[in-house]
Chemist: 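Below are the structure tokens for one structure; questions will follow.
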Amino acid sequence: MELKQPIISLEGIHYCYPGSRPILKDLEFNIFKGDRIGLVAPNGSGKTTLFHIIMGLLKPSSGKVNIFGKDRRTEQDFIDVRRRIGLLFQDADDQLFSPTVLEDVSFGPLNLGKSKEEAVAISIKTLEFLGLDDFEDRITYKLSGGEKRLVSLATILAMEPEILLLDEPGNALDSAMKSKLIDVLNSLNITYVLISHEFDFFSETTDQIFSMENGKILLDDEVYLHIHQHSHKVGKQPHEH
Ligand SMILES: Nc1ncnc2c1ncn2[C@@H]1O[C@H](COP(=O)(O)OP(=O)(O)O)[C@@H](O)[C@H]1O
Ligand SMILES: [Mg+2]
């Protein structure tokens with residue numbers, strides 16, 4: 001019987017920003033096709049750093065990054081990774097750079113070699129899927145925080161990624177937008193890892209929860225369902241109701 005191989009495998013990853021303390025220390029993390037993973041840890045734990053290592057935006061000082069069955073080291077190696085994995089940045093202003101929404105969302109498909117007409121059609125369809133009908137001509141910098149967040153997600157989904165890395169996707173979303181995001185994630189049938197601090201959000205969108213401590217990933221094996229006024233998954237992390 002063939003053993004299931006992870007589609008992302010990180011082994012012995014160390015990372016330290018220049019002049020700072022070590023952030024990731026001998027970190028191990030395997031992600032399998034179909035995983036819907038939640039990642040929760042206090043601010044400064046290295047969650048965003050971890051996503052940036054997977055995308056090749058930061059290079060680990062040591063350790064092995066294997067994605068889609070290939071070791072990834074050079075800038076060239078990560079071109080393929082960035083086409084196939086969509087990263088939603090923690091800050092939407094890092095994601096959006098074009099004057100209009102349509103230009104931002106069609107940028108990815110155009111880069112993948114689609115014609116202008118195809119890219120526009122994909123963009124409009126993706127915006128509609130996210131409940132952003134008629135957003136094409138909106139001026140990006142004038143959008144609300146929540147709208148920027150969903151347009152950022154549109155820029156990624158328009159590239160039809162195989163994996164999503166979502167860095168605090170619920171930030172700045174009002175409750176209607178959050179419900180939309182939950183519906184979208186549940187309808188996608190895609191592998192993803194999402195960072196959040198909200199356990200209610202995890203319980204609706206993820207199957208496993210991991211945490212980070214001392215630069216390592218921990219499986220939050222105390223995840224369980226409990227019942228009080230409502231029921232949801234809860235991990236080791238303190239949380240409020
Ligand atoms: N560019 C940087 N230069 C130096 N330190 C950084 C930089 N980016 C992040 N850090 C530090 O690295 C640590 C981990 O950051 P980050 O990965 O953003 O954590 P998280 O996403 O879990 O809040 C924090 O202490 C943060 O201040
Ligand atoms: Mg972060």
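Fair warning: this is a prediction, and the values are worked out from it, not measured in the lab. Counting convention: from 1, in listed order, for ligands and their atoms alike.
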Chemist: Are Gly46 and ligand 1 in contact, using a heavy-atom cut-off of under 4.0 Å?
Modeler: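 Contact check Gly46 vs ligand 1: positive.
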
Chemist: Where's the contact between Thr48 and ligand 1, heavy-atom distance under 4.0 Å: side chain, backbone, both or neither?
Modeler: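 Near ligand 1, Thr48 shows its backbone as well as its side chain.
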
Chemist: Using the rule that Ile, Leu, Val, Met, Phe, Trp and Tyr join whenever any side-chain heavy atoms are under 4.5 Å apart, tell me whether Ile122 and Leu102 fall into a single cluster.
Modeler: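 The answer is no; the residues belong to distinct hydrophobic clusters.
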
Chemist: If you have a sec, work out which protein heavy atom is nearest atom 23 (O) of ligand 1 and how many Å separate them, to one decimal?
Modeler: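 Ranking protein heavy atoms by distance from atom 23 (O) of ligand 1, first comes Gly44 N, 2.7 Å.
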
Chemist: With respect to Leu164, which candidate in Leu188, Leu194, Ile85, Leu87 satisfies the side chain to side chain contact (heavy atoms under 4.5 Å, CB included) definition?
Modeler: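 Going through the options one by one, the only one that passes is Leu188.
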
Chemist: Do Ile124 and Leu153 belong together in a cluster built from hydrophobic side chains that touch within less than 4.5 Å?
Modeler: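 No, because Ile124 and Leu153 fall into different hydrophobic clusters, even though each may have its own neighbours under 4.5 Å.
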
Chemist: May I ask whether atom 27 (O) of ligand 1 is less than 4.0 Å from at least one protein heavy atom?
Modeler: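 It does not: no protein heavy atom is found less than 4.0 Å away from atom 27 (O) of ligand 1.
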
Chemist: Find all atoms of ligand 1 within a distance of less than 4.0 Å from any non-hydrogen atom belonging to Asn43, and give their numbers and elements.
Modeler: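 Atoms satisfying the 4.0 Å criterion: 23 (O).
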
Chemist: Between the Mg ion (ligand 2) and Thr49, is there an N, O or S atom separated by less than 2.8 Å?
Modeler: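 Thr49 does not place any N, O or S atom closer than 2.8 Å to the Mg ion (ligand 2).
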
Chemist: How far is atom 8 (N) of ligand 1 from its nearest protein heavy atom, and which residue and atom name does that atom have?
Modeler: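 Of every protein heavy atom, Tyr17 CZ, 3.3 Å lies nearest to atom 8 (N) of ligand 1.
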
Chemist: Only one of Asp93, Asp91, Asp104, Thr140 clears side-chain hydrogen bond (donor to acceptor under 3.5 Å, both in side chains) with Lys148; which?
Modeler: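 Only one option passes, and that is Asp93.
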
Chemist: Between Met159 and Ile190, is there shared hydrophobic-cluster membership here, with clusters defined by ILVMFWY side-chain heavy atoms closer than 4.5 Å?
Modeler: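 No, separate clusters.
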
Chemist: Which pair of non-hydrogen atoms, one from His197 and one from Ala41, has the smallest distance, and what is that distance?
Modeler: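 Of all heavy-atom pairs spanning His197 and Ala41, the closest is CE1-O, 3.3 Å.
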
Chemist: Does ligand 1 have any atom that is closer than 4.0 Å to a heavy atom of His52?
Modeler: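 It does not; every heavy atom stays at 4.0 Å or beyond.
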
Chemist: Answer yes if the side chains of Ser9 and Asn66 hold a donor-acceptor pair under 3.5 Å, and no otherwise.
Modeler: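 Asn66 and Ser9 do not have a side-chain donor-acceptor pair below 3.5 Å.
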
Chemist: Under 4.0 Å and counting heavy atoms only, is there anything from the protein next to atom 13 (C) of ligand 1?
Modeler: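 For atom 13 (C) of ligand 1 the answer is yes, since some protein heavy atom falls inside 4.0 Å.
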
Chemist: In terms of atom number and element, which parts of ligand 1 are under 4.0 angstrom from non-hydrogen atoms of Ile23?
Modeler: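 Listed by number with element: 12 (O), 13 (C), 14 (C).
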
Chemist: Without swapping roles, check the side chain of Ser211 against the backbone of Val40 for a donor-acceptor pair under 3.5 Å.
Modeler: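 Yes, Ser211 side chain to Val40 backbone: donor-acceptor pair under 3.5 Å.
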
Chemist: Between Arg149 (side chain only) and Ser144 (backbone N and O only), is there a donor and an acceptor less than 3.5 Å apart?
Modeler: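 No, Arg149 side chain to Ser144 backbone: no donor-acceptor pair under 3.5 Å.
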
Chemist: Report whether any nitrogen, oxygen or sulfur of Asn43 sits less than 2.8 Å from the Mg ion (ligand 2) (N, O or S, backbone or side chain).
Modeler: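 It does not: Asn43 brings no N, O or S atom closer than 2.8 Å to the Mg ion (ligand 2).
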
Chemist: Can you tell me the protein heavy atom closest to atom 15 (O) of ligand 1 and the distance?
Modeler: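 So the nearest neighbour among protein heavy atoms is Thr49 OG1, 3.8 Å.
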
Chemist: How does Arg21 reach ligand 1, if at all, at less than 4.0 Å between non-hydrogen atoms: by side chain, backbone, both, or neither?
Modeler: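 Side chain only; the backbone of Arg21 stays clear of ligand 1.
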
